Amino acid sequence: MSTRFLPVLVSVRDRAYDEMNVLDEYLDEVGVGYTVGPPYGERLVTWSDLDRIELPRRRLRREAMDNLETMSDAARIHGQPPALWLSFDGMESSLLLVDEFWDDVSESIPGETVVGVPARDVVLITGSESRTGLAKAARAIDRVFYANRPNLLLRELLVWRDGQWQAF
């Protein structure tokens, strides 16, 4: 097994993940799992994986976050206001874990930064002062859930407030 890890957001309702997987709490309906790669996201780390490679959970978390922060420079924002799309090789939602990334993004967003994260690979960015952007984000979330895409996450919008994500 590769020892290059990344944190990945997973729905706590997704039956594909259970007590065998190493999962940490994050938001009410979203947890943080850990994937090995590249390619990332195909398989989550299990407790037996950690035992086999003799890796403590704390070190797994630290290595995964260090890798994500290093790789976050490759993230790109596309589109035009009022709504922007994030691209990060299918792991877009993992970037919610990189505070510095959102501090930088927030400098150019009208009002507070608001995101729609309907699936692991879909992140739409807008501002709290943009009614059009908020409506577009809500429609995008509805379309992703209607299409029943893999790795669904959240139907609700999130707002970046006081250095953390909260329900909008």
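In what follows, every heavy atom counts, from backbone to side chain, and hydrogens, waters and symmetry copies are set aside. Just so you know, these numbers come straight off a predicted model, no measurement behind them.
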Contact between V45 and T35 at the side-chain level, heavy atoms closer than 4.5 Å - yes or no? no

In the structure I gave you, are the side-chain heavy atoms of L44 and V8 within less than 4.5 Å of one another anywhere? yes

Are V115 and V10 connected, step by step, through hydrophobic side chains (Ile, Leu, Val, Met, Phe, Trp, Tyr) whose heavy atoms are closer than 4.5 Å? yes

With rounding to the nearest 0.5 Å, note down the distance linking OG in S48 to CE in M20. 6.0 Å

Hydrophobic cluster membership, with links at side-chain heavy-atom distances under 4.5 Å among I/L/V/M/F/W/Y: are M91 and L152 in one? no

Gap separating the CG atom of D14 from the CG atom of N151, nearest 0.5 angstrom: 7.0 Å

Can you confirm whether I77 sits close enough to W85 that some side-chain heavy atom of one is under 4.5 Å from a side-chain heavy atom of the other? no

Mind checking whether V114 and V105 sit in one hydrophobic cluster, side chains of I, L, V, M, F, W, Y counted as touching below 4.5 Å? no

Residue list, side chain to side chain contact (heavy atoms under 4.5 Å, CB included) with D66, at least two apart or on another chain: R62, E69

Side chain to side chain contact (heavy atoms under 4.5 Å, CB included) between M71 and Y40, worked out: CA-CA 12 Å; M71 293 172 63; Y40 295 103; 3.9 Å; yes

So do I53 and D49 actually touch side chain to side chain, heavy atoms under 4.5 Å? no

Between T113 and S106, which heavy-atom pair has the shortest distance, and what is it? OG1-OG, 2.7 Å

So how far is it from I141 CD1 to L124 CG, rounded to the nearest 0.5 Å? 7.5 Å

Heavy-atom side-chain contact between I125 and I109 under 4.5 Å: yes

Check this for me: D89, atom CG, are more than 12 non-hydrogen atoms of other residues, nucleotides or ligands nearer than 6.0 Å? no

Atom CG of residue position D162 - does it have more than 12 heavy atoms of other residues, nucleotides or ligands inside 6.0 Å? no

Please step through side chain to side chain contact (heavy atoms under 4.5 Å, CB included) for the pair L97 and W165, ending with a clear verdict. CA-CA 9 Å; L97 302 169; W165 292 108; over 6 Å; no

Distance-only donor-acceptor check, side chains Y34 and D24, under 3.5 Å: yes

Is the shortest heavy-atom distance from the side chain of E63 to the side chain of R58 under 4.5 Å? no

Are more than 12 heavy atoms from other residues, nucleotides or ligands located less than 6.0 Å from atom CD of E100? yes

Can you tell me if S130 and T132 form a side-chain donor-acceptor pair at under 3.5 Å? no

Using the test side chain to side chain donor-acceptor pair (under 3.5 Å), find all partners of W160 that sit at least two apart in sequence or belong to another chain. D103

Residues R120, E92; criterion salt bridge (Lys or Arg N to Asp or Glu O under 4.0 Å); working and verdict: CA-CA 6 Å; R120 182 181 298 164; E92 287 76 3; over 6 Å; no

Quick check: do S72 and L95 have side-chain heavy atoms less than 4.5 Å from each other? yes

Rounded to the nearest 0.5 Å, the CZ atom of R15 sits from the CZ atom of R13 at a distance of 11.0 Å

I need the S11 OG to L154 CG distance, nearest 0.5 Å. 7.5 Å

Tell me the closest heavy-atom pair linking F101 and L86, and the distance in Å. CZ-CD1, 3.6 Å

Correct closest heavy-atom pair for L23 and Y17 would be CD1-CB, 4.1 Å

Common cluster, L27/V122, ILVMFWY with side-chain heavy-atom separation under 4.5 Å: no

Flag yes if L134 and L84 sit in one hydrophobic cluster, no otherwise; membership is Ile, Leu, Val, Met, Phe, Trp, Tyr, and two members link when side-chain heavy atoms are under 4.5 Å apart. no

T70 and N67 side chains, donor-acceptor separation under 3.5 Å: no

Closest approach of A137 to L157 (non-hydrogen atoms, all atoms of both residues): CB-CD2, 3.7 Å

Heavy-atom distance under 4.5 Å between the side chains of K136 and T126, does that happen here? no

Under the criterion side chain to side chain contact (heavy atoms under 4.5 Å, CB included), I'd like the reasoning laid out for R61 against M65: C-alpha separation, chi angles, the key distance, then a yes or no. CA-CA 6 Å; R61 284 184 195 142; M65 279 306 298; 5.7 Å; no

If you look at every heavy atom in L153 and V117, which pair is closest and at what distance? CB-O, 3.4 Å

Heavy-atom closest contact (S128 atom, F168 atom, distance): CB-CE1, 4.0 Å

Partners meeting side chain to side chain contact (heavy atoms under 4.5 Å, CB included) with Q166 (sequence neighbours left out): V159, R161, Q164

How many angstroms lie between OH in Y26 and CG in L96, if you round to the nearest 0.5 Å? 5.0 Å

Does atom CG of D28 have more than 12 heavy-atom neighbours from other groups under 6.0 Å away? no

